[in-house]
Amino acid sequence: MPVKGRLLNYVNGEWQPSSTAEYLDVTNPATGEIIAEVPLSTKTDVDEAVQSAAKAFPGWRRTPAVDRVQHLFKLKHLLDKHFEELAALITKDCGKTLAESRGELRRAIENVEVACGIPTMMQGYNSEDVSHGIDEFMVRQPLGVVAAVTPFNFPAMIPFWFMPYAIACGNTFLLKPSEKAPTTMQRVFEIMEQINLPPGVVGLVNGANDSVDAILDHDDVKAISFVGTTAVAKYIYSRAAENGKRMQCQGGAKNPVVVLPDAEPEATAEAVAASAFDCGGQRCLAASLAITVGAAHSPFAEAMADTARARRVGYGLLDGTEMGPVITADSKTRIEGLIQTGVDEGATALVDGRGTKIPEYPSGYFVKPTVLDGLDLNGEVVKSEIFGPVLGLLHVDRIDDAIDLINSGRYGNMACIFTRSGASARKFRYEVDAGNIGINLGVAAPMAFYPFSGWKQSFFGILHGQGRDAIEFYTEKKVVIERWD
Ligand code: NAD
């Protein structure tokens, strides 16, 4: 009998308990309340899920693409129907505000919508008479069993960067969600039962490192999508590559925004604050460095400090909350430690969010927005991903200095510029080494029909998630050359 509150795995179209004896508590980060226990699934659990996916594959790939996407049309309808319930669950899972959860879910659904176009997007191409009486064409075929390993910070959206495309292309799919925020996808899979996929087409295995290793080492898993920290992305990329798998691994970030003197300070500060502090700064597209150029420094720093101080921090389910907690107590300790390191390295804390207590939620993991001015260019904080609501300010004299500074960094997820000059904006987008560029906006999040790019230590692989890259990733090209004399 399943124990109440313990999450189950979804294998072969059925819910079943893991064979493990080890469970972790899942905590609502705003209240500290334990909302579930997540199993650390074993190699046997993973093997069973992969075998069921492998068994489902031949039938699923033979199902015409136009029929496969009918399941996705139903899924879109169901996600819309359960929209508010799922948004609230996301907030309880990872702490972001209800408005942020709604935004995340909307992005998840957009990926289902785009994947519904697979019958067209999966088409190959052909040439008649490449030689006398000889024709040549390319068709795309699915890979087999594919898997995704996802992080805590977008528990609904990130699995949807992969799952709809994978199954629409005719693969069968296994998800290992974050053990820190696993309840959202548990509910999504419950809802997905209503779309009547054949057993094994989608599977869910909860767990942590050992469950991931079992996926990485399984012979029947052909491709893996990963999103998480850079250290783990590198590990997963190399271990799976050794096992001959196709990989796409999205890592961490340290995203800069450049503010030129012609940008309007208040509006720019609002946009940068939304980027740096929304979702508690726990976004791979959160701005974490603001580089002011020339006369932009003082007006921007003042406006930034004002807007950071004014942010209302609390439980994301309550009206009026503008920022929720960070994910765990460890995360809070780490973030506060890095703020101290910044100060030790010579920065001034214009606003210091350490030691935050929200009286109604004394067990929550809250850190208020923090603005550190004058980071040491050679220090640790300027280079490290903090993944919390902390914005570091740096000042340079020229746009070229800002671009050099950005390009010397190890990450390349996103870079933004605020200016009224088209020439400066063009120079920036042309010269900056980052995969997602924002011009006069603080979060350059690609729509579902564009690749979620990312360069340098923010991405390992060639094909990104979403859009046409997803179809390339989830299919193998087969070239046929034929003569019928
Ligand atoms: P994480 O790396 O700790 O965990 C991600 C996933 O990897 C989880 O499912 C976890 O169980 C698994 N995992 C962790 N350590 C492992 C190990 N040693 N061996 C095998 N599996 C392991 O990341 P997180 O804290 O959940 O997420 C935050 C990170 O994700 C940040 O660095 C953020 O920048 C990054 N992120 C990147 C993007 C992007 O698009 N580039 C998007 C969202 C988040």
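Throughout, numbering of the chain's residues begins at 1 and tracks the sequence. In listed order, ligands and their atoms are each counted from 1. Heavy atoms only: backbone and side chains are in, while hydrogens, waters and symmetry mates are out.
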For this session: Mark whether atom 26 (O) of ligand 1 lies under 4.0 angstrom from at least one protein heavy atom.
Result: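 Yes, there is one.
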Exercise. If you measure every N/O of Tyr235 against every N/O of ligand 1, is any gap under 3.5 Å?
Worked result: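 No: no nitrogen or oxygen of Tyr235 is under 3.5 Å from one in ligand 1.
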Between [X] and ligand 1, find which residue part has any heavy-atom pair under 4.0 Å and reply side chain, backbone, both or neither.
X      : result
Asn209 : both
Glu179 : side chain
Thr230 : neither
Phe452 : side chain

Can you tell me which residue and heavy atom of the protein come closest to [atom], and the distance to 0.1 Å?
atom                    : value
atom 15 (N) of ligand 1 : Val232 CG2, 3.5 Å
atom 7 (O) of ligand 1  : Phe226 CE1, 3.2 Å
atom 8 (C) of ligand 1  : Thr150 O, 3.3 Å
atom 42 (C) of ligand 1 : Cys284 SG, 3.0 Å
atom 34 (O) of ligand 1 : Glu385 OE2, 2.6 Å

Can a non-hydrogen atom of [X] be found less than 4.0 Å from any atom of ligand 1?
X      : value
Phe154 : no
Tyr411 : no
Gly251 : yes

Would you mind listing which atoms of ligand 1 come within a distance below 4.0 Å of any non-hydrogen atom of [X]?
X      : result
Asn153 : 43 (C), 44 (C)
Trp161 : 40 (O)
Lys176 : 8 (C), 9 (O), 10 (C), 11 (O)
Val212 : 20 (C), 21 (N)
Lys180 : 25 (O)
Val227 : 5 (C), 36 (N), 37 (C), 38 (C), 39 (C), 42 (C), 43 (C), 44 (C)
Ile158 : 42 (C), 43 (C)

Problem set entry | ring-ring contact (aromatic ring centres under 6.0 Å, His included) between Tyr361 and Tyr315, intermediate numbers included | CA-CA 8 Å; Tyr361 301 102; Tyr315 189 12; 5.1 Å; yes
For this session: Go through the structure and list residues passing side chain to side chain contact (heavy atoms under 4.5 Å, CB included) with Phe449, not counting sequence neighbours.
Result: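 In terms of side chain to side chain contact (heavy atoms under 4.5 Å, CB included), with neighbours along the sequence ignored, Phe449 is linked to Val114, Met447.
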Exercise. Would you call Glu190 and Arg187 a salt bridge, using N to O less than 4.0 angstrom?
Worked result: yes
Exercise. How are the rings of Tyr237 and Phe460 set relative to one another: parallel (under 30°), tilted (30 to 60°) or perpendicular (over 60°)?
Worked result: tilted
Got a list of side-chain donor-acceptor pairs under 3.5 Å for residues 150-162, not counting sequence neighbours?
{"unit_1": "Asn153", "atom_1": "ND2", "unit_2": "Gln282", "atom_2": "O", "d": "3.1"}
{"unit_1": "Trp161", "atom_1": "NE1", "unit_2": "Gln466", "atom_2": "OE1", "d": "3.3"}

Problem set entry | Gap between atom CD1 of Ile109 and atom CZ of Arg106 - 0.5 Å precision |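 These two atoms lie 4.5 Å from each other.
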Exercise. Could you walk me through whether Trp60 and His71 pass the ring-ring contact (aromatic ring centres under 6.0 Å, His included) check?
Worked result: CA-CA 12 Å; Trp60 184 242; His71 299 273; 5.5 Å; yes
